[in-house]
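Report on the following structure.
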Protein chains: 2
Amino acid sequence: MDNLSTTEENYIKAIYHLQQADSTVSTNDVAAKLNTKAASVTDMLKRLNTKQVLNYEKYRGFSLSDEGERVALGIVRKHRLWEFFLVEKLQFGWDEVHAIAEELEHITSKVLIERLDNFLGNPKFDPHGDPIPDSNGKIQTLPQINLVDMPIGETAKVSAVGSQSTELLELLTHKKIAIGTPITIKKKFSFDNSLEIETYSDQRFTISRELALALFVTKQQL
Amino acid sequence: MDNLSTTEENYIKAIYHLQQADSTVSTNDVAAKLNTKAASVTDMLKRLNTKQVLNYEKYRGFSLSDEGERVALGIVRKHRLWEFFLVEKLQFGWDEVHAIAEELEHITSKVLIERLDNFLGNPKFDPHGDPIPDSNGKIQTLPQINLVDMPIGETAKVSAVGSQSTELLELLTHKKIAIGTPITIKKKFSFDNSLEIETYSDQRFTISRELALALFVTKQQL
DNA sequence: TAAATATTTTAGGCAAATCTAAATTATTTA
DNA sequence: TAAATAATTTAGATTTGCCTAAAATATTTA
């Protein structure tokens, strides 16, 4: 079941992401996410149900079937690989790539995406730190914690960010922090909950609690 | 007028290419090119006419307006830049890239295509030797001749190929001839019209008339 | 040039994806 | 638990893009 329209794929992806955030997803949730109306969602739920990508009983809710999840992971894989391409090869900022990747993710060629993956060096995480599913849909999850929860003296690498705003990107660019940057907690100030951190040997400075809350770190390899 | 659907863009592109081959284009020509029916073409001609990309009077023919031509050149530019990307960066053979580029050419981002152009080194010709329009729609045309018409002793660079078949690609790959390869005519054999040519200092061999007819060369820089 | 043929257009219909308004079912609250 | 409210679904329309069959126009040929 791979003959899905772009619109059908967008519904599947939306349901997948909503399911990740909260395992019970409503018609209204999907309508809100896709800027459409509940009635349109119901129409599509019926279509996706006949196409076997959904478990759906009217008035009683719905969720992706195994096949639906497989499809969703394929789309997510393409989306994140293209985002990686746009940031790494075409010098886009991470806040600029989402809309473009939304289009590129619907390009159908299977071999294209495998070659792109190789060309990019088989990255495991996209520019926001989100995991890129492999061609079998397997996701590499990292045991990551919020930077504010890291003990003093420990070092870990930035593995994800809590927002994709231009404002955050600007701040991180200025402080030379990116996915993969190693950070050591040097001191915690209880007055304003700011943190003194060290990134590279000579880079030591203070960051606000707001910024620390937006950073997630891991000790695993990226 | 840039809010065009993929389908509308495909019609514009088809009309553009048909116009290049023969300045008078018929409803049936377009239908044949797009694997559709004449009645469907008429429907679309009316739509494109109201969108100002066509000059159309019913029963009396049609052609692209200046705006339509501008749109067509934008699509051709995207198509050929993506083909270049697929061949140069992702190691596709030139006979494999057309279908994928047909999808990629409809990605809308303007800045994407400008960055891709820079990333690829602002190529002027695609992997088949077809010119890539610049962002203003300007095409760099080459004074090129068929290889069989090049005089003995002269050298010129391969600038285009007459077919995009897998068979031709296979032969050229084997003989290490590509777009840009310099060729010198060493001898012409009238018995079978074969040509002895030299590509690089130590590469001298004979090619058939069939192959020579499929190669176009230029003395200009590529 | 009139008839035959070919081309193009119109008429009417269908499927996908969307909408609004109304009806149905589920959930909350008094 | 019954009424009020919220969520979901149905009914009926709209637009895009396509189709077939029939009508209108253009072109060719006898």
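Each chain gets a letter, A, B and so on, in the order its sequence line appears, and its residues count up from 1.
- To the nearest angstrom, C1' of C/dA16 lies 14 Å from NZ of A/K46.
- Within the structure, every side-chain polar atom (N or O) of A/N28 is placed at least 4.0 Å from both OP1 and OP2 of D/dA6.
- Which of D/dT8, D/dT10, C/dA26 sits closest to the side chain of A/T27 comes down to D/dT8.
- The side chain of B/R60 approaches D/dA26 more closely than any other nucleotide in the set C/dT9, D/dC19, D/dA26.
- Classification of the B/F85-B/F119 ring pair by plane angle, with boundaries at 30° and 60°, yields tilted.
- Nearest-nucleotide positions on DNA chain C place A/S5 closer to the 5' end than the other of A/S5 and A/Y59.
- The side chain of B/S40 approaches D/dC18 more closely than any other nucleotide in the set D/dC18, C/dT18, C/dT9.
- Distance A/E57 CD to C/dA26 P: 11 Å, rounded to the nearest Å.
- To the nearest 0.5 angstrom, A/L211 atom CG is 9.0 Å from A/L195 atom CG.
- Between the CG atom of B/L54 and the P atom of C/dT8 there is a distance of 14 Å, given to the nearest Å.
- Here the CZ-CD1 distance, from B/R70 to B/I12, works out to 10.0 Å after rounding to the nearest 0.5 Å.
- Distances were taken from every side-chain heavy atom of B/Y11 (C-beta onward) to each of D/dC18, C/dT18, D/dT8; the shortest belongs to D/dC18.
- The existence of a salt bridge linking A/K51 and A/E67 is excluded, since no basic side-chain nitrogen approaches an acidic carboxylate oxygen closer than 4.0 Å.
- Phosphate proximity of D/dA24 to B/K58: absent, as no side-chain N or O sits under 4.0 Å from OP1 or OP2.
- Within the nucleic acid shown, B/F62 has no heavy atom closer than 4.0 Å to any nucleic acid atom.
- Which of C/dT9, C/dT8, D/dT9 sits closest to the side chain of A/T42 comes down to D/dT9.
- Of all nucleotides listed (D/dC19, D/dT10, C/dT9), D/dC19 comes nearest to the side chain of B/K37.
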